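These notes are about the structure you will find just below.
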Amino acid sequence: MIKKLDKPIYVTQPDLPPLEEFTELLKQIWDSKILTNNGSFHQQFEQALAHYLGVKYISLFSNGTLALITALQALRITGEVITTPFSFVATTHSLWWNNIKPVFADIEGDFFNLDPEKVEAAITPKTTAIMPVHVYGNPCNVERFRQIAETYGLKLIYDAAHAFGVKIDGNSILNFGDLSILSFHATKVFNTIEGGAIVSPDEKTKKRIDYLKNFGFADEVTVIAPGINAKMNELQSAYGLLQLKYVDESVSKRKKIATHYREKLKGINGISFLNDIQGVVHTHSYFPILVDKGAFGRTRDELYEELKRHNIFGRRYFYPLISQFPTYRELPSAKPDNLINATKIAEQVICLPIYPDLPMNYIEMISKTIFLFQNKVEMEKSA
Ligand code: T4K
């Protein structure tokens, strides 16, 4: 019997920099009275971040959703874009806000990323771009997507909201495709409270993106396009600059947690999880498990509720599928029989709590709660 925890454990908890260090930076902002509009912290953070991530050009944003919306504007995407239903709603909403028709294609069953072969099969004369997501930070098949985009003359925009710091064969995952978008929301591996960024391959594209996030201003009197206000302010930039000092430590704690979960969960009938991929530097933004009802004896939702009874608040990211929301469910591509893997995974997944300050004995306790729930089923069966 496992005791219910005194305090709830949530799927995540944000990393915060030491308050004294942040206060020092706040004093500088108070002195300068520059609060936003490409101030000194914005410039320093942008440079430091590009260096840290191993990318050439990066533009800071006030959040990941506005970065996605602006990326589509910057590349002048119209018509139809093929994307995944297995993501956070913001991925598809960014298309909708640009008057672009989303076309959903199915995911592959190994890492739950958009399946390149399903994407190729869904291309029509109206398709202009592909928008895959590196779900849970696991890299998409970037080489195959590059080939498809090149063959059909399509743009490739990666939603890399979960992929901060992820590398593939020593190269940042953000260096693939025409643009990659990051989110620095409080719930992410690296946060600036709210925040985001676009990684561009060249200076010209970065410049256009920087204009677009600042109403379209190229200089005091020139507006090159109907831009938006999506700038990151000085407080967030200073906070981000500080966070960079601590992010490696925080990722290594996440790695230990993921390893510990895998040790504790292996051998529980009906529970599976994702393993690391050779050649990939993972940053462990989420720890998804799949519940196979047949082998586990209970459904994913029954386990989800059992965990909640123990004060453990995992999340069913990404259930329901985006294609099931009212805005999208009438689209022909939203039909469940077009999205067989996505429908199955969305019914089976729970993301367990993972964050740097999660104590190791909590991982044992969470795993034991899952184990005992399964054991109860076995005992009921044999009684
Ligand atoms: N693309 C993808 C693939 C994304 O996953 C996201 C965002 C985006 C684009 C858009 O990026 P942003 O515009 O958000 O930058 C959360 C986040 O709000 C969202 O950023 C994230 N994806 C999504 C996967 O998860 P919720 O509604 O699940 O968050 P919430 O508030 O329920 O938080 C989860 C738990 O975290 C809470 O139970 C407690 C804890 N928490 C949360 C916050 C906000 C804290 O301890 N402190 C906090 O300040 O959406």
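Here the structure is a predicted model, which is why all the values come from computation and not from measurement. All ligand and atom numbering here is 1-based and tracks the order in the structure.
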About how many Å separate CG of Leu53 and CG of Leu174, when rounded to the nearest 0.5 Å?
6.0 Å
Look at the aromatic rings of Tyr261 and Phe287 and report parallel, tilted or perpendicular, splitting at 30° and 60°.
parallel
So, using side-chain contact (heavy atoms from CB on, under 4.5 Å) as the criterion, who are the partners of Ile268 when residues are at least two apart?
Leu265, Ile271, Phe296, Ile370, Phe371, Gln374
Under the salt bridge (Lys or Arg N to Asp or Glu O under 4.0 Å) rule, collect the residues that match up with Arg208, sequence neighbours excluded.
none
When you pair each N or O of ligand 1 with protein N or O atoms, which pairs come out under 3.5 Å?
unit_1, atom_1, unit_2, atom_2, d
ligand 1, 1 (N), Asp159, OD1, 3.2
ligand 1, 1 (N), Asp159, OD2, 2.7
ligand 1, 5 (O), His162, NE2, 2.7
ligand 1, 11 (O), Ser183, OG, 3.4
ligand 1, 13 (O), Gly64, N, 3.4
ligand 1, 13 (O), Thr65, N, 2.9
ligand 1, 13 (O), Thr65, OG1, 2.6
ligand 1, 15 (O), Gly64, N, 2.9
ligand 1, 15 (O), Ser183, OG, 2.8
ligand 1, 18 (O), His185, NE2, 3.4
ligand 1, 20 (O), His185, ND1, 3.3
ligand 1, 20 (O), Lys188, NZ, 3.4
ligand 1, 22 (N), Lys188, NZ, 2.8
ligand 1, 28 (O), Arg315, NH2, 2.8
ligand 1, 28 (O), Tyr317, OH, 2.5
ligand 1, 32 (O), Arg315, NH1, 2.8

Residue pairs passing the ring pair (Phe, Tyr, Trp, His ring centres under 6.0 Å) test where at least one lies in residues 16-36, sequence neighbours excluded:
Phe22-Tyr239
Mutual orientation of the aromatic rings belonging to Tyr136 and His162 [parallel < 30°, tilted 30-60°, perpendicular > 60°]
parallel
